[in-house]
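In what follows, chains carry the letters A, B, and so on, assigned in the order in which the sequence lines appear, proteins first and then strands, with residues in each chain numbered from 1. All heavy atoms count here, side chains included; hydrogens, waters and symmetry mates do not.
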Amino acid sequence: MAKSHKHFELDAVTLTDEQKKIIRRRNVAIALILAGLATIFFIATFVQLGANVASRSL
Amino acid sequence: MSDMNIDINAKNGNPAANELGAEQMADVKDYFELLKPSVMRLVVFTALVGLVVAPGYIHPFTAFISILCIAIGAGSAGCLNMWYEHKIDALMSRTANRPIPSGRIKPDQALTFGILLMVGSVTMLGMLVNWFAAGFLAFTIFYYMVIYTMWLKPRTPLNIVIGGASGAFPPMIGYACVTGSITIESLVLFLIIFMWTPAHFWALNLYIKRDYEKANIPMMPSVKGEPATRRQILAYTYITAICGLLPALLGFAGLLYASAALVLGFGFIYFAHQVHRHNSGDAATKAAKNMFAFSLLYLMLLFTLLLAEHSFDILVSFNLLNLIGL
């Protein structure tokens, strides 16, 4: 089978250093929020159920 | 079958490439700004007072979750408000640099962010605290967005009177987080903020009237005139000063609060009279600015005293004072 090669030249966006830093800060913020939510629900489970967490029927 | 080799060339010198790259990118602080942190601070504080004043026990962690959810709920309301009013914001110098009118965040992004926070905060409050408080929080966000922002604000100079209720609900939500209900005590906390709001905002309107006129928002000084606004400020100040005494009269505040409410009430009335008396020139502007500043101090001090008195009661009930040797 003959292969035809087509070359496309696309213009892409070049992020500046400041923009890269912004993206990094946003990613870190999202990660911290997710970790915070997981921690909150984990602790809240113990606060609300107390000792019943350990003695639930499986 | 053909293979396609795609070369993506990022060229620093290419104008087309840099056009997208130069677009402003929203930083974390821009998203935070969407939450109206200054309003959020007041909401958190008053909700905390409601939570502490409420009778009954709440686990400290559940209390923390309650305040967090109320804060995020208030933030979502602020965010949705900025989304809805971004065209008006662009017209006023005070708000033109907000994230949406300045182009840092697109309106759709703000709308999505606001809805996400609203659903998240209400759901979390319902699941981890109680569904009555969660329903109340959802109603408050609805009231602020639909009743105040969309309906009343562009239509009537009484917008801040009726719409101000949304700013007065947080202590009731905080209270409901503990009791799961509405009582006379929580209604009194609501009433103090509800009656305080018009005098506070109209004092501000008196010296930034032009901004609102430019945006076609019917505020009291523009529609009814300044003399009528000054009379209304005076009337609402008297009512607020009386409402400020109610916690002591109903027995859920002590002597310290009662004395402070009396002195601060007189101070509030004094500044309202100054606004009423000085109706033109620099003296009028100064009187309005003093009134605005004192109104903030008035509410902060009253609620701080309520917080302090009830925090002391909590310490006593847990015998914590014995532990620290008092």
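For the atom pair B:Asp27 CG and A:Ile23 CD1, the distance stands at 10.5 Å (nearest 0.5 Å). Summarising the geometry, atom CG belonging to B:Leu68 is positioned 5.0 Å from atom CD1 belonging to A:Ile40; distances are rounded to the nearest 0.5 Å. Residue B:Ile72 holds its CD1 atom at 8.5 Å from CD1 of A:Ile33, rounded to the nearest 0.5 Å.
Atom CZ of A:Phe41 sits in a crowded spot, with more than 12 heavy atoms from other residues, nucleotides or ligands closer than 6.0 Å. Few gaps surround CE on B:Met150; more than 12 heavy atoms of other groups in view lie less than 6.0 Å from it.
Residue contact with chain B, scored on non-hydrogen atoms closer than 4.5 Å, involves the side chain of A:Leu37 exclusively. Interface remark: A:Ala44 contributes backbone and side-chain atoms alike to the contact with chain B (heavy atom separation under 4.5 Å). For B:Ile65, the part lying under 4.5 angstrom from a heavy atom of chain A is the side chain only.
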Extract all donor-acceptor atom pairs below 3.5 Å that involve side chains of residues 108-124 of chain B and protein atoms in other chains or at least two apart in sequence.
unit_1   : atom_1 : unit_2   : atom_2 : d
B:Gln109 : OE1    : B:Lys106 : N      : 2.9
B:Thr112 : OG1    : B:Asp108 : O      : 2.8
B:Ser121 : OG     : B:Leu117 : O      : 2.9
B:Ser121 : OG     : B:Met118 : O      : 3.1
B:Thr123 : OG1    : B:Val119 : O      : 2.6

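The shortest heavy-atom contact between A:Ala29 and B:Val28 is CB-CG2, 3.9 Å. The shortest non-hydrogen separation linking B:Met25 to A:Arg26 is CG-NH1, 3.7 Å.
Within the 3.5 Å criterion, the main-chain N or O of B:Lys29 finds no donor-acceptor partner in the side chain of A:Arg25.
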